[in-house]
Amino acid sequence: MVELPDKSTRLIDWYLEVLDAAQLTDKRYGVKGMNVWTPYGFQARRQLDAVMIRAIEATGSAPVEFPALIPQTEFQKEKDHIKGFDAQVYWVTRGGATELDIPLVLRPTSETAMYPVFALWVRSHRDLPLNVYQIVNTFRYETKTTRPFLRVREIHFFEEHTCQVDEATATARVESNLAAFGEMARAFVLPFLAIRRPEWDKFPGAFYSVALDIPVGGARTLQIGSIHHYRENFSGPYGIRYEAADGSQKLVHQTTFGLSERLLGAVVAVHGDQKGVVFPPALAPYQVVIVPIPGKPGAPDPAPAALALADALRARGLRVEVDRSDERPGAKYYRHELRGVPLRLEIGAREAAAGTATAVDRLGTKRLLGPNDLPGAVEAALADFGAALRAAAEARFAAAFSEARSLTELRGSTSVRVLRWCGREACGHEVETAIDGALLGTAEGPLPFKVEGEGGCIACGASEGTRWALAAQPL
RNA sequence: GGGACUGUGGGGUAGCUUGGUCCAUCCUUCGGGGUUCGGGACUCCGAGACGCCAGUUCAAAUCUGGCCAGUCCCA
């Protein structure tokens with residue numbers, strides 16, 4: 001019997017317990033920030049990867065895989081980059097008993113692994129654009145408290161790296177990545193905001209960084225991904241240049257796009273409730289669970305009908321489990337709800353005889369399906385669940401923001417704040433002190449709600465060049 | 001990076017102050033049997049732990065030190 005902590009008041013406790021109870025991860029491995037992918041968690045991750053792969057490949061990106069170890073000499077070529085990661089890289093300094101002449105870095109991200117090779121691959125404008133991605137594990141020596149999926153030391157990392165002919169094309173790639181992420185977020189049912197980070201918070205080595213943030217209750221936000229424009233910051237040091245059509249030699253402009261299993265944590269945190277995880281259909285390890293209900297001794301066995309329906313649904317491409325374990329139906333309901341299964345079908349003697357199924361989705365909507373085109377009705381019920389989940393998520397998203405017009409208003413914020421900012425760092429830090437959090441940056445797209453007028457900077461009052469910005473307490 | 005706290009079966013806990021009553025308590029879980037099965041069943045039998053390494057002592061879950069792991073606060 002599982003009693004989860006109250007999600008609204010104890011989000012982190014709730015999160016840790018629900019991951020454990022739903023068996024999405026096993027955090028008893030014994031190395032800080034490194035957890036075990038359980039069978040159920042791995043299946044969820046596989047769906048996550050599938051969504052990412054489909055969306056990014058649709059934009060003309062090709063999968064590659066680079067080695068995990070990077071020579072110190074390559075790692076150090078871009079100054080800001082190494083400064084940014086210096087404190088959190090793992091070093092490999094010995095092979096057996098032999099000290100290595102050139103120590104190796106266990107990749108915290110793969111710019112410095114890929115770019116020396118990109119310099120070999122890119123020679124002509126005809127080689128461009130170069131759009132490649134990989135999904136690999138990367139390593140960062142986190143000193144803060146680690147949490148499964150949200151902050152780990154071994155990261156399941158999606159990273160796209162591209163080379164473009166010029167700055168404008170690279171900017172267009174950033175836009176294309178944003179659109180691709182929009183596709184992914186639709187599948188995860190995660191309403192998000194694209195926010196251009198302030199100068200002091202951009203990726204080490206980037207020209208600018210666009211973060212993908214979601215609200216997660218109160219003033220808290222979670223960054224679930226990022227897209228960076230590097231301009232020539234890396235292509236210079238790594239010598240990635242090409243011969244243009246006019247015969248001149250030019251440096252490429254680069255972009256990257258990074259995501260991780262943090263998305264899985266975000267899905268759990270955003271959709272989960274007091275009963276446990278709620279998976280959107282695209283991510284659920286199994287989308288439908290069929291529970292046959294035996295009935296009195298001597299009654300007809302509903303198992304054959306359940307198995308036949310499972311086959312019919314699988315033929316339509318659905319992921320289906322039939323739970324024939326030796327438990328009472330109620331116990332099964334609780335367990336599958338805890339694990340976030342979108343749709344449960346109950347088949348007892350009545351349904352088996354009538355060719356129907358009683359369907360209950362994870363939001364509690366109950367109805368009788370069939371007997372006409374039962375598999376089709378199941379698909380429809382699953383689609384309805386997805387729509388209801390989206391409506392609920394979008395309503396919470398819309399309610400997560402509020403405007404702030406003065407620094408004092410920021411104190412004790414209970415929602416993510418939207419405010420006018422002049423762009424100066426000093427003013428930004430005043431905002432951060434007031435909200436006891438971070439100035440996330442300026443919105444890339446439309447704001448999450450309608451705003452009135454365009455007053456001066458919240459900190460200094462200047463009206464010149466102010467823009468809408470967001471402030472929050474990042475998790 | 002600096003500080004504080006914590007570590008008992010798979011999970012959660014009692015015991016620790018004042019060493020012996022502890023081959024360690026209770027709930028849950030797990031294995032086997034029986035009766036059950038439309039929202040967390042009952043019953044019988046069984047399994048499973050003092051983070052690691054040293055030290056103090058006649059005697060250590062309990063005291064001391066180091067290490068490992070975890071949590072929280074500060075930079």
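Computed from a predicted model, the values in this text were never measured in an experiment. These values consider heavy atoms only, across backbone and side chains, with no hydrogens, waters or symmetry-generated copies.
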What residues from residues 139-151 of chain A pass a heavy-atom cutoff of under 4.0 Å to RNA chain B?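 RNA chain B contact set from residues 139-151 of chain A: Thr145(A), Thr146(A), Arg147(A).
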For RNA chain B, find the residues of residues 341-349 of chain A with a heavy-atom distance under 4.0 Å and give them by number; none if there aren't any.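 Contacts with RNA chain B under 4.0 Å: Arg344(A), Glu346(A), Gly348(A), Ala349(A).
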Distances under 3.5 Å between protein N/O atoms and the N/O atoms of nucleotides 48-54 of chain B, please, pair by pair.
none

Show me the donor-acceptor pairs, under 3.5 Å and distance only, between side chains in residues 301-311 of chain A and residues at least two apart or in other chains.
{"unit_1": "Asp301(A)", "atom_1": "OD1", "unit_2": "Ala303(A)", "atom_2": "N", "d": "3.0"}

Earlier contact from the 5' end, RNA chain B, for Met34(A) and Lys366(A):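 So the residue in question is Lys366(A).
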Of Arg153(A) and Val360(A), whose nearest nucleotide on RNA chain B comes first from the 5' end?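 Its nearest nucleotide lies further toward 5', so the answer is Val360(A).
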Under 3.5 Å on both distances, the Watson-Crick or G-U partner of rU64(B):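 rU64(B) is paired, partner rA54(B).
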Does rG46(B) pair with anything, Watson-Crick or G-U wobble, both distances under 3.5 Å, and if so, with which nucleotide?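 Paired with rG46(B), as far as the under-3.5 Å criterion goes, is rC30(B).
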Mind checking what makes ring-ring contact (aromatic ring centres under 6.0 Å, His included) contact with Phe157(A), not counting sequence neighbours?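 Phe157(A): no ring-ring contact (aromatic ring centres under 6.0 Å, His included) contacts found.
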What pairs with Phe207(A) under ring-ring contact (aromatic ring centres under 6.0 Å, His included), at least two apart in sequence or on another chain?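 Partners of Phe207(A) by the ring-ring contact (aromatic ring centres under 6.0 Å, His included) criterion, ordered by chain and then number, come out as His229(A).
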Would you mind listing every salt bridge (Lys or Arg N to Asp or Glu O under 4.0 Å) that reaches into [range], with sequence neighbours excluded?
| range | result |
| --- | --- |
| residues 81-103 of chain A | Asp80(A)-Lys83(A) |
| residues 410-424 of chain A | Glu409(A)-Arg417(A), Arg420(A)-Glu454(A) |
| residues 278-297 of chain A | none |

Rounded interatomic separation in angstrom, taking CZ from Arg324(A) and P from rC37(B):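 So the CZ-P distance, Arg324(A) to rC37(B), works out to 18 Å.
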Please collect all ring-ring contact (aromatic ring centres under 6.0 Å, His included) contacts where either partner lies in residues 88-111 of chain A, sequence neighbours excluded, each pair once.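 The answer is Tyr90(A)-Tyr141(A).
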Anything under 3.5 Å between a protein N or O and an N or O of nucleotides 9-13 of chain B, put it in a table, one pair a line.
{"unit_1": "rG10(B)", "atom_1": "O3'", "unit_2": "Arg28(A)", "atom_2": "NH1", "d": "2.8"}
{"unit_1": "rG10(B)", "atom_1": "O2'", "unit_2": "Arg28(A)", "atom_2": "NH1", "d": "2.5"}

What does the list of N/O pairs under 3.5 Å between the protein and nucleotides 33-36 of chain B look like, with a distance for each?
{"unit_1": "rU36(B)", "atom_1": "O2'", "unit_2": "Arg328(A)", "atom_2": "NH1", "d": "3.3"}

Establish, from distance only, whether the side-chain atoms of Tyr230(A) and Glu111(A) form a donor-acceptor pair under 3.5 Å.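 Looking only at side-chain atoms, Glu111(A) and Tyr230(A) do form a donor-acceptor pair, the distance falling under 3.5 Å.
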Does Arg339(A) make a cation-pi contact with Tyr40(A), if we ask for NZ or CZ under 6.0 Å from the ring centre and within 45° of the axis?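 Arg339(A) over Tyr40(A) ring: yes.
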Could you tell me whether the side-chain ring of Tyr333(A) sits stacked on the base of rG39(B), using a centroid cut-off under 5.5 Å and a plane angle under 30°?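 Check failed, Tyr333(A) does not stack on base of rG39(B).
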Can Thr112(A) and Glu74(A) be said to form a side-chain hydrogen bond (donor to acceptor under 3.5 Å, both in side chains), step by step? CA-CA 6 Å; Thr112(A) 60; Glu74(A) 295 297 346; over 6 Å; no
What's the closest nucleotide to the side chain of Pro294(A) if the choices are rC37(B), rG39(B), rG38(B)?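 My answer, after comparing the listed nucleotides, is rC37(B).
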Identify whether any heavy atom of Val291(A) sits under 4.0 Å from a base atom; if not, whether one sits that close to sugar-phosphate; answer base, sugar-phosphate or nothing.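 No contact at all - Val291(A) keeps every heavy atom at 4.0 Å or more from the nucleic acid.
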